[in-house]
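Here is the structure we will look at, set down as structure tokens.
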Amino acid sequence: MSSAFDKLARPVQKWIRQQGWRELRDIQARSIRTICETDADLIVAASTAGGKTEAAFLPLISQVFDDPFDGTGFDLLYIGPLKALITDQAIRLASICPEAELPVVPWHGDVSQSIKTRALKSPKGILLITPESLEALFIRRGLEISRLFGATRAVVIDELHTVLDSERGVQLRSLLTRLELTIKRPIRRIGLSATLGDMDLAKAYLRPDAANAVQLIEADGGEAELRLQLRGYVSGDEGENSPSATDAIAAHLFKHLRGSDNLVFAGARQRVEIYADRLRELCEREHLPQEFYPHHASLSREHRDFVEHRLKDAAKPTTAVCTSTLELGIDIGDVTCVAQIGAPFSVAALRQRLGRSGRREGQPAVLRQYAVETQLTPESSFVDRLRLGLIRSIAMIDLLLEGWCEPARPQALHLSTLVHQILSVIAQRGGASASVVYSILCREGPFRKVTTEVFADVLRSIGHTETGLIEQSGSGLLLLGPAGEKLVEHYSFYAVFQTPEEFRLVAEGKDLGTLPIDNVLAPGMLLIFSGRRWVVQEIHDREKVIMVKPAKAGVPPVFGGDPGDIHDKVIDRMFAVLEGGTQPAYMDAASLKMLAEARAHYDQLGFRATNIQALGEGTSIIATRVGTVKTSTLALALRSEGFSVERHDGFLLVEVGHETPNLQTVLADIRSGEPVDLFLEAGNLMSEKFHKYLSAKILHLDAVSSKLAPEILPQLANAIMRKGPAN
DNA sequence: GACCTGCTGCGGGCTG
């Protein structure tokens with residue numbers, strides 16, 4: 001401890017003693033040495049509550065005390081993805097920093113104007129801010145950036161893994177580049193992250209021009225014992241005396257989770273509502289106190305705070321039935337068990353979720369996986385017969401145990417976010433030439449895959465008279481057009497991600513939460529929401545408010561959403577499970593029976609020998625054996641030839657009409673590299689916030705860079721046909 | 001066949 005401890009400033013050493021720490025953690029000692037002895041960028045990777053914040057800030061604060069930079073502005077910058085995280089971290093950091101010397105300034109939408117005004121007047125200390133609020137500073141105070149950040153010696157990016165290659169992550173990288181260009185020197189970058197599947201990608205994300213120089217400080221495993229069970233349930237066979245799969249799972253959860261703190265990940269908000277309702281009913285029926293509560297993003301802040309506080313409160317046993325809201329960030333303490341209902345969408349998310357349990361010394365991590373499959377009938381589809389949900393659960397658990405998780409996809413163009421950043425740079429500088437904007441965003445910044453040709457196309461698209469976001473002055477300077485001014489002026493501009501339109505749900509004057517507008521509702525209709533039952537009284541379309549009052553029955557609303565991308569490696573493992581013979585020890589009798597059925601049907605359908613199976617009149621199944629991106633690409637290619645195609649994990653169900661050509665011939669054409677128009681039947685491509693300002697041609701490029709893989713079509717067709725049909 | 005995240009400046013009315 002001594003060598004690292006000795007490097008810290010006196011007030012920081014004093015704080016450590018006050019905490020009663022007997023020693024620094026390994027990652028903290030290593031991080032202190034790296035920060036004090038080098039100028040390197042670094043990533044500190046450890047689980048939640050692993051002491052990452054202190055690992056970064058103890059040495060950084062010491063440096064500010066002992067050797068402050070010249071210039072004006074905040075000494076340190078912290079960027080966090082959640083308001084709650086910023087509030088928490090500000091409290092932790094304020095206890096380290098003697099207030100008069102180093103102010104700690106939280107800055108997000110809920111922070112009062114007076115704190116912001118004071119900080120703007122005299123910027124110093126540690127600024128903790130969201131990407132959106134930083135964006136707002138660039139747009140509203142573009143000329144003051146040097147004054148605000150001239151003295152900044154490091155930027156700490158919290159939860160780095162949550163922003164890798166997302167729209168928000170690209171925005172953040174763009175802002176960091178623009179910050180360095182404005183103050184004309186690099187700022188040390190420190191990423192705090194959960195353990196990732198591919199640390200090299202994270203390094204390249206943090207500092208694209210010098211990824212190899214980024215130092216990695218990773219907590220050594222020392223992982224808790226893992227207890228694992230996968231239980232199988234069959235739905236659709238409920239007779240008079242047998243409960244539905246939902247009731248059976250709810251009963252099992254009730255029996256095993258009651259009395260402790262747990263997280264139940266139900267996969268979708270609608271399922272969260274269903275299970276929370278059943279579990280509440282079970283408590284009432286047994287005259288037991290309520291301890292099961294729903295938690296998802298459409299519920300009111302007040303309700304979510306209540307559930308989070310109960311989870312932290314050791315005296316009250318609490319199980320949250322939740323979506324990924326409780327997967328990230330905020331510290332809710334250790335939970336006894338993590339349950340997952342239905343197959344997850346990524347191994348990375350499963351790992352993150354599991355990390356919520358087994359954190360206390362000597363306590364095992366517990367994962368209860370529930371697989372729900374349909375009762376088979378003679379009419380059952382091949383998807384049900386192959387039990388794809390169960391198979392995916394097994395594949396993902398296997399990969400989790402092997403320590404694998406999905407890497408980011410760094411090749412996306414992110415053209416919606418590029419539109420946003422073009423407007424932001426023009427607003428910051430009050431106008432800029434096209435070549436300067438290109439240089440900032442695409443040469444120095446994160447849009448490196450955007451060529452000058454594509455960039456020019458994007459400019460033409462948003463400068464088009466109908467769009468009118470930008471215009472060009474006589475001297476060639478790009479300026480905001482009237483529509484651009486209006487867009488950038490409104491506060492809704494700062495976020496780069498899309499948010500759907502919603503109704504507010506109000507009961508007796510109190511907000512329950514929000515509902516997507518595509519729910520068709522009328523007075524008298526019954527609802528399950530926030531774990532309770534309601535009847536709709538009034539709907540105010542203009543104000544987007546729905547008034548409800550308590551009721552005895554209800555149905556859960558529809559929340560919608562986009563299906564996720566399943567990685568190639570997961571699909572590959574699913575086929576290995578179907579073709580293998582292992583019977584994992586963590587599976588119960590019911591799920592093992594389903595696995596045996598799935599394997600028998602797989603053999604019976606003949607997929608060991610061939611990838612294409614005719615399934616009666618006019619229908620074929622293709623085993624693509626690859627993930628969502630590649631499988632979707634083939635689906636679009638076949639649709640453009642007139643087939644109707646349904647996508648599943650690693651399979652396509654193809655309907656061959658009388659008008660359509662022969663499937664074999666079409667696949668052979670694809671194999672030989674014949675061009676196909678993927679976008680003939682692709683539907684709506686405007687999935688991101690600023691897509692609506694882009695031409696069809698640019699939207700196609702964007703889709704190809706992120707959601708499709710046309711270059712692999714010949715190879716994929718070849719792999720499929722190599723194990724062609726028996727004939 | 002899914003989930004999550006964020007938001008400024010100004011004016012009006014009130015209190016001390």
Side-chain angles (χ1 to χ4, degrees), chain A residues 79-87 107-114 116-117 120 129-142 158-159 161-164 166-172 175 265-272 294-299 301 304 321-330 340-346 348-350 352-353 372 383-384 388-389 392-393 417 420 424 427 486-500 514 516 558-566 570-571 627-628 631-632 635 646-651 653 687-689:
Chain A
I79 299 174
L82 302 174
K83 291 187 285 192
L85 206 52
I86 286 176
T87 307
W107 187 305
H108 55 65
D110 299 343
V111 170
S112 81
Q113 198 61 53
S114 59
K116 294 176 181 169
T117 313
L120 282 175
I129 195 166
T130 59
E132 288 73 19
S133 285
L134 185 59
E135 180 77 57
L137 283 179
F138 270 85
I139 290 171
R140 304 265 165 188
R141 305 184 180 271
D158 205 355
E159 308 274 8
H161 57 284
T162 66
V163 290
L164 289 177
S166 66
E167 291 156 277
R168 237 179 149 197
V170 172
Q171 174 189 30
L172 176 53
L175 290 171
F265 290 96
R269 285 170 285 185
Q270 187 177 46
R271 284 216 294 274
V272 166
H295 190 288
H296 57 73
S298 296
L299 296 174
R301 188 68 252 172
R304 289 165 66 180
V321 186
C322 60
T323 57
S324 46
T325 36
L326 287 178
E327 184 180 304
L328 304 156
I330 45 164
Q340 168 76 40
I341 304 175
F345 282 88
S346 74
L350 187 61
Q352 188 84 16
R353 290 170 185 187
V372 185
V383 188
D384 291 338
L388 291 182
R392 195 167 91 210
S393 297
T417 309
H420 181 266
S424 174
K486 203 173 156 215
L487 193 66
V488 172
E489 237 164 52
H490 197 262
Y491 63 83
S492 60
F493 178 71
Y494 308 128
V496 289
F497 52 86
Q498 179 91 281
T499 37
T514 58
V558 181
F559 290 97
D562 313 312
D565 286 345
I566 309 293
V570 173
I571 302 292
T628 313
T631 299
S632 304
E646 230 179 72
R647 286 181 324 174
H648 300 280
D649 285 1
F651 291 93
L653 182 65
S687 53
E688 294 179 24
K689 190 171 171 186

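Computed from a predicted model, the values in this text were never measured in an experiment. Naming convention: chains lettered A, B, ... in sequence-line order (proteins, then strands); numbering from 1 in each chain.
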Enumerate all atom pairs, one protein N or O and one N or O from nucleotides 5-8 of chain B, separated by less than 3.5 Å.
residue, atom, partner, partner atom, Å
dT5(B), OP1, Arg304(A), NH2, 2.6
dT5(B), O3', Pro81(A), O, 3.4
dG6(B), OP1, Lys83(A), N, 2.6
dG6(B), O3', Thr130(A), OG1, 3.4
dC7(B), OP1, Gly109(A), N, 3.0
dC7(B), OP1, Thr130(A), OG1, 2.8
dC7(B), OP1, Ser133(A), OG, 2.8
dC7(B), OP2, Gly109(A), N, 3.1
dC7(B), O2, Tyr491(A), O, 2.3
dC7(B), O2, Ser492(A), N, 3.1
dT8(B), OP1, Ser133(A), OG, 3.3

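- For the pair Arg392(A) and Phe345(A), the distance from NZ or CZ to the six-membered ring centre is under 6.0 Å and the angle to the ring normal is within 45 degrees.
- No donor-acceptor pair closer than 3.5 Å links the side chain of Gln171(A) to the backbone N or O of Glu132(A).
- Under 3.5 Å, the side chain of Asp562(A) and the base of dG1(B) form no donor-acceptor pair of N or O atoms.
- Going from atom CG of Leu120(A) over to atom C1' of dG9(B) covers 13 Å, rounded to whole Å.
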- Query: Passes side-chain contact (heavy atoms from CB on, under 4.5 Å), Arg168(A) versus Thr162(A)? Steps please.
  - Reply: CA-CA 9 Å; Arg168(A) 237 179 149 197; Thr162(A) 66; over 6 Å; no
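- Atoms CG (Asp565(A)) and C1' (dG1(B)) sit 11 Å apart, rounded to a whole Å.
- Between Pro516(A) and Val558(A) there is no side-chain heavy-atom pair separated by less than 4.5 Å.
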Strictly under 3.5 Å: I want the nitrogen or oxygen pairs between protein and nucleotides 11-16 of chain B, one per line.
none

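- The aromatic rings of Phe559(A) and His296(A) sit perpendicular, their planes meeting at an angle over 60°, well past the 30° parallel limit.
- In this structure, Gly267(A) reaches the sugar-phosphate backbone alone: every heavy-atom distance under 4.0 Å involves primed, P, OP1 or OP2 atoms, never a base.
- Under the 3.5 Å distance criterion, with hydrogens and angles disregarded, no donor-acceptor pair is assigned to the side chains of Thr130(A) and His108(A).
- The CG-P distance, from Leu299(A) to dC3(B), rounds to 12 Å in whole Å.
- Distances shorter than 4.0 Å separate some side-chain N or O of Arg269(A) from OP1 or OP2 on dC3(B).
- Residues Pro563(A) and Arg647(A) are in side-chain contact: their nearest non-hydrogen atoms beyond the backbone lie under 4.5 Å apart.
- In this structure Ser687(A) satisfies the side-chain contact (heavy atoms from CB on, under 4.5 Å) test together with His691(A), Lys707(A), sequence neighbours excluded.
- Put simply, the side chain of Val496(A) does not reach to within 4.5 Å of the side chain of Val170(A), judged on heavy atoms.
- Within the nucleic acid shown, Ile566(A) comes within 4.0 Å of at least one base atom, counting heavy atoms only.
- An aromatic stacking contact links Phe345(A) with the base of dA2(B), defined here by ring centres under 5.5 Å apart and ring planes under 30° from parallel.
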